[in-house]
A.B. asks: 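Before I ask anything, here is the structure I am working with.
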Amino acid sequence: MAIDRRRFLCQAGTLGAVAFVTPGAFAEELSRTPWQTEGPFYPDRMPLDVDNDLLIINDATTPAVGEITHLTGRVTDVSGRPVENAQVEIWQVDSNGAYIHTDAPRINRRDRNFQGFGRFETGATGEYRFRTIKPVRYSGARAAHIHFAINRNGRRVLTTQMYVKGNPDNERDSIFRRSGRASRDLLSVAFKPLPGSEIGELTANFDIVIGKTPEDREEGRRGWLW
């Protein structure tokens, strides 16, 4: 499986603005991305590498196991204006269902080649980009998901989770179910084959809309404990 890390990291910094909607083109406010709980397994010890390529740690030659996914999106406000210099963080389990957290279940089975956590700072068009794996089912009743956190000026402005659209496990997931139909639609993302890929890579696009009010932050504090 050929993994060109340098090419990916270069592409991440040069995404063309033409691929995104023109700022200010929305007649109505966009729906804010719903808050979801952070959960107990935000890394308690950061990996040696925290860039936006979770498949390769530093200059290692062995990639992580899993379905390679190019995860992209934009961070905007409710008026559709891009949010520049926002720090996007993601964390998720590896192909064995293990987080990079010392108290996580299955930690003894963790894929040591999977970074498990990544960061990306948005540019002028609000875009972000990660290379990771398609999420898998976590232990217990949790459906496959990826955690997201958005930080601005050193402050957390949104914590949420992204789910695989059409996954039958979603309706058995207590956090997903409690979100309400409209919120569930906003948090569900289709994973599609990457055109031209010879190794079965996938694409997924998750646009994030951040709010501006104290009520948004209070909603995040009322999240469930999972």
Side-chain angles (χ1 to χ4, degrees), residues 1 3-15 33 36-75 83-136 138 144-162 189 201-208 210 220:
M1 178 168 54
I3 302 290
D4 190 339
R5 176 179 174 81
R6 289 187 177 86
R7 185 177 64 181
F8 171 78
L9 293 175
C10 290
Q11 288 174 343
T14 57
L15 289 177
T33 300
Q36 293 239 297
T37 177
E38 178 179 298
F41 298 126
Y42 182 89
D44 55 348
R45 295 180 183 177
M46 286 295 170
L48 296 176
D49 191 2
V50 294
D51 64 12
N52 64 325
D53 187 352
L54 280 65
L55 296 180
I56 297 287
I57 298 177
N58 290 322
D59 294 322
T61 57
T62 304
V65 174
E67 294 184 84
I68 299 172
T69 298
H70 296 265
L71 174 60
T72 59
R74 295 180 71 217
V75 181
V83 178
E84 188 176 3
N85 299 325
Q87 185 186 75
V88 182
E89 297 180 332
I90 66 168
W91 64 102
Q92 66 183 101
V93 298
D94 62 19
S95 59
N96 296 318
Y99 283 103
I100 53 165
H101 189 286
T102 54
D103 295 326
R106 304 182 184 181
I107 189 65
N108 60 327
R109 298 178 55 191
R110 185 166 71 84
D111 180 355
R112 301 290 171 176
N113 297 312
F114 184 55
Q115 190 169 297
F117 175 91
R119 287 190 177 122
F120 188 91
E121 186 169 295
T122 60
T125 57
E127 79 280 357
Y128 71 84
R129 182 184 183 92
F130 291 95
R131 186 166 64 168
T132 185
I133 63 171
K134 183 178 180 180
V136 302
Y138 172 58
H145 60 281
I146 297 177
H147 293 267
F148 276 75
I150 310 300
N151 304 294
R152 293 195 73 197
N153 301 319
R155 198 166 55 86
R156 180 74 60 88
V157 296
L158 177 68
T159 304
T160 193
Q161 298 179 37
M162 185 200 81
V189 171
E201 295 168 281
L202 303 172
T203 63
N205 187 85
F206 183 46
D207 290 331
I208 296 169
I210 61 173

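Predicted model, so just to flag it, every value in this text is computed and none were measured.
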A.B. asks: With side chain to side chain contact (heavy atoms under 4.5 Å, CB included) as the criterion, how do Leu158 and Phe148 come out once you've worked through the C-alpha distance, each side chain's angles and the decisive distance to 0.1 Å?
C.D. replies: CA-CA 8 Å; Leu158 177 68; Phe148 276 75; over 6 Å; no
A.B. asks: Can you tell me how far the CG atom of Asn205 sits from the CZ atom of Arg74, to the nearest 0.5 Å?
C.D. replies: 10.0 Å
A.B. asks: Should Leu54 and Ile133 count as side-chain neighbours, where that means a heavy-atom distance under 4.5 Å?
C.D. replies: no
A.B. asks: Is there a donor-acceptor pair under 3.5 Å between the side chain of Asn96 and the backbone N or O of Ala98?
C.D. replies: no
A.B. asks: Quick one: closest heavy-atom pair of Leu71 and Met162, and the distance?
C.D. replies: CD1-SD, 3.9 Å
A.B. asks: Quick check: closest heavy atoms across Asp49 and Asn58, and the distance to 0.1 Å?
C.D. replies: OD2-N, 2.8 Å
A.B. asks: Do the non-hydrogen side-chain atoms of Asp94 and Arg110 ever get within less than 4.5 Å of each other?
C.D. replies: yes
A.B. asks: So, taking the atom named CD1 in Ile100 and the one named CG in Asp111, what distance separates them when rounded to the nearest 0.5 Å?
C.D. replies: 11.5 Å
A.B. asks: Could you report the tightest heavy-atom contact between Phe117 and Pro43, atom names first, then the distance?
C.D. replies: CD1-CG, 3.6 Å
A.B. asks: Please name the pair of heavy atoms, one in Pro135 and one in Ala144, separated by the smallest distance, quoted to 0.1 Å.
C.D. replies: O-CB, 3.4 Å
A.B. asks: By salt bridge (charged side-chain N to carboxylate O under 4.0 Å, His left out), which residues pair with Arg119, not counting sequence neighbours?
C.D. replies: Glu89
A.B. asks: Under 6.0 Å from the ring centre and within 45 degrees of the ring axis: does the NZ or CZ of Arg156 meet both conditions for the six-membered ring of Tyr42?
C.D. replies: yes
A.B. asks: With a 4.5 Å cut-off on side-chain heavy atoms, are Ile107 and His101 touching?
C.D. replies: no
A.B. asks: Which atom names give the shortest non-hydrogen contact between Arg152 and Val83, and what distance separates them?
C.D. replies: NE-CG1, 3.4 Å
A.B. asks: From Phe206 CZ over to Ile90 CD1, what is the distance, rounded to the nearest 0.5 angstrom?
C.D. replies: 11.0 Å
A.B. asks: Would you call the rings of His145 and His147 parallel, tilted or perpendicular, where under 30° means parallel and over 60° means perpendicular?
C.D. replies: perpendicular
A.B. asks: Which heavy-atom pair separates Ala124 from Glu84 by the least distance, and what is that distance?
C.D. replies: CA-CD, 3.8 Å
A.B. asks: Would you give the length of the straight line joining atom OG1 of Thr122 to atom OH of Tyr128, rounded to the nearest 0.5 angstrom?
C.D. replies: 11.0 Å
A.B. asks: Drop me the distance from Asp51's CG to Ile57's CD1, to the nearest 0.5 angstrom.
C.D. replies: 9.5 Å
A.B. asks: Can you tell me which residue among Phe114, Phe41, Trp91 is in a ring-ring contact (aromatic ring centres under 6.0 Å, His included) with Tyr99?
C.D. replies: Phe41
A.B. asks: Among side-chain atoms of Thr102 and Asp44, is any donor-acceptor pair under 3.5 angstrom?
C.D. replies: yes
A.B. asks: Atom OG1 in Thr69, atom CZ in Arg131: separation rounded to 0.5 Å?
C.D. replies: 11.0 Å
